[in-house]
Amino acid sequence: MANHAARRAAVMAQMAPGSVAILATAPEVPRNSDCDYPYRHDSAFYYLSGFTEPHSVLALVAASSTAPARAILFCREKNAEREIWDGFRHGPEAARAAFGFDAAFAIEELDVEMARLLTDAPAIYYPMGSSLDVQVKLWRHTVRQKARSGVTPPASAHDITAMLDAMRLLKDPEEQNVMRRAATISSAAHVRAMRATRPGLHEYAIEAELLYEFRRSGAQFPAYTPIVAGGANACILHYSANDAVLNDGELLLVDAGCELDGYASDITRTWPVNGRFSAPQRELYELVLAAQQASLDMVRPGLQQSLIHEAALQVLAQGMLDLRLLDRQQCGGVQDVIADKAYMAFYMHGTSHWLGMDVHDVGAYRDTQAEGKPWRLLEAGMVLTVEPGIYVRPTPGVPEHFWNTGIRIEDDVLVTPQGHESFSTAPKSVAEIEQLMSQD
């Protein structure tokens, strides 16, 4: 609760005096006439409130010369009958006390209270382009209709998104601990999946092992739909069918992470279905592993985030030439491969993204305020993924023993004052994986 209150205070300190900010949580989404999809709150709303119930709105009123700052929650009323069917709800008064708000109202009072709060407020802040657009327009119109009594609506509206994105990019120690735990759970799930893998199983059997480990360890959800891709399916970057048979001699690529207490993990490992890498598989795998290590070496404060990708490209491009995935006579040297983007035939995605409440978390990758918009410098407290890969489809001129092979290795990494810390601990060297999979 203390962290959420501090974040609210930090937001209000950046607002114009007396202005108002509004954030709404995500709506419930019906699955059919009898039930909804599993509910997941809006990340920005939760970041400032800690409140996970649907049908909720947060209003922040910045301090002025005549009034202190206030944080106000609008939520569902207590309802004994609905709680029998849907479960516990706090109600305004209990929510105010439990989550440290200055005031709380029933969600049904939102329109009346917002018109009052926006009267003579100099500005309103909210996520523009969201579901709040229509309501904000109506609230301002309601205040404008009272102009004869001498009141005015907010003269300006500002998008609060960039402000919150910048705050969320730096994780405090409490957030880091939750993300460390999430990655630990996900790492254990990958280990469980490795041990369960054998020829003849379906991909969904391995997915079930992952989901079981997530839930039994306390994670509320998978952070995204798991990718469990055997053989050629691993060359489909967002493969999600997870229903093919795992064949002897193939590799299995698993991209899966849990969400714990609102924070995501995102881990990928690739291992042999039969427990032993073939010689060509080993060559490609160790190339990707070397590329990942080169990228990890670029994760420390003061370096540009883009260097993570550039380091991976140097290693992967050299390997593509050495293994004859690319023809040296046609493509030239490493720098030519990178300049001409020839590597994209086998590596077509970035090497890193921000990680946090969302698996592809918010935060700018470039400094948009600086001339030329240079890449953002890494800072202690940022969390990101490092995930090089290689994907070899049947291609004329490419050695056939590499065909239908997809490999990706991904870890969750915290930027520390001294360098970095990898949150994910699942085995990733050839020797570690083979030893683990040989155990009964």
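What you see below is based on every heavy atom in this structure, not just the backbone, and it leaves out hydrogens, waters and symmetry mates.
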Heavy-atom check, side chain of [X] versus side chain of [Y], under 4.5 Å:
X	Y	answer
Arg181	Asp261	yes
Met15	Val11	yes
Pro226	Glu207	yes
Phe423	Asp411	no
Val254	Leu252	yes
Trp354	Gln305	yes

Within 45 degrees of the ring normal and closer than 6.0 Å to the centroid, is that where the cationic atom of Arg7 sits relative to Tyr47?
yes
Exercise. Show your reasoning for whether side-chain contact (heavy atoms from CB on, under 4.5 Å) applies to Leu169 and Val362.
Key: CA-CA 7 Å; Leu169 188 53; Val362 296; over 6 Å; no
Distance, nearest 0.5 Å, that separates [atom1] of [X] from [atom2] of [Y]:
X	Y	atom1	atom2	value
Ile206	Thr197	CD1	OG1	3.5 Å
His202	Asp243	NE2	CG	7.5 Å
Gln176	Leu170	CD	CG	9.5 Å
Ser49	Phe101	OG	CZ	5.0 Å
Ser56	Leu23	OG	CG	12.0 Å
His420	Asp297	NE2	CG	7.0 Å

Which of Lys78, Arg89, Arg76 passes salt bridge (charged side-chain N to carboxylate O under 4.0 Å, His left out) with Glu83? Answer is Lys78
Is there a donor-acceptor contact under 3.5 Å linking the side chains of [X] and [Y]?
X	Y	answer
Glu28	His55	yes
Glu387	Gln292	no
Tyr285	Ser429	no
Asn233	Tyr239	yes

Check whether His90 reaches the backbone of Glu53 with its side chain - one donor and one acceptor, N or O, closer than 3.5 Å.
no
- Counting N and O atoms only, with roles assigned by atom type, does the side chain of Arg82 sit under 3.5 Å from a partner on the main chain of Asp86, one being a donor and the other an acceptor? no
Tell me if the centroids of the rings in Tyr126 and His158 come within less than 6.0 Å of each other.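 Here the rings of His158 and Tyr126 have centres that are no less than 6.0 Å from each other.
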* Aromatic contact, Phe99 with Phe51 (centres under 6.0 Å) -> yes
Heavy atoms only: give me the nearest [X]-[Y] pair and the separation to one decimal.
X	Y	result
Ser186	Ile267	CB-CD1, 3.6 Å
Pro427	Arg269	O-NE, 3.1 Å
His309	His349	CE1-O, 3.6 Å
Ala380	Pro417	CB-N, 3.8 Å
Ser352	Tyr365	O-CE2, 4.5 Å
Ser43	Asp358	OG-OD1, 2.8 Å

Next on the checklist: Looking at Arg195 and Glu209, is there a salt bridge between them, counting it only when a charged N and a carboxylate O are closer than 4.0 Å?
Outcome noted: no
Do the side chains of Asp120 and Lys146 get close enough for a salt bridge, i.e. N-O under 4.0 angstrom?
no
| field | Trace of the side-chain contact (heavy atoms from CB on, under 4.5 Å) decision for Met298 with Gln304 | value | CA-CA 8 Å; Met298 295 296 106; Gln304 288 185 328; over 6 Å; no
### Message
Run Glu259 and Arg40 through salt bridge (charged side-chain N to carboxylate O under 4.0 Å, His left out) and show every step you take.
### Response
CA-CA 11 Å; Glu259 178 179 305; Arg40 207 279 187 177; 3.1 Å; yes
Take Tyr224 and His360 through the test ring pair (Phe, Tyr, Trp, His ring centres under 6.0 Å) and record every step on the way to the result. CA-CA 10 Å; Tyr224 50 95; His360 282 252; 8.5 Å; no
Residues Leu210, Val228; criterion side-chain contact (heavy atoms from CB on, under 4.5 Å); working and verdict:
CA-CA 10 Å; Leu210 296 160; Val228 184; 4.0 Å; yes
Tell me, please, which residues at least two apart from Thr268 pass side-chain contact (heavy atoms from CB on, under 4.5 Å).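 side-chain contact (heavy atoms from CB on, under 4.5 Å) list for Thr268, sorted by chain: Leu253, Asp255, Arg408, Glu410.
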(message) If you apply the rule side-chain contact (heavy atoms from CB on, under 4.5 Å), what do you find for Trp139 with Ile22, and how did you get there?
(response) CA-CA 12 Å; Trp139 294 331; Ile22 310 293; 4.1 Å; yes
Can you list, pair by pair, the side-chain donor-acceptor contacts under 3.5 Å of residues 370-377, counting residues two or more places apart and other chains?
residue, atom, partner, partner atom, Å
Arg376, NE, Ala364, O, 2.8

Item to complete: Anything under 30° is parallel, anything over 60° is perpendicular, the rest tilted; go ahead and classify Phe74 against Phe105.
Response: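 Correct class here is parallel.
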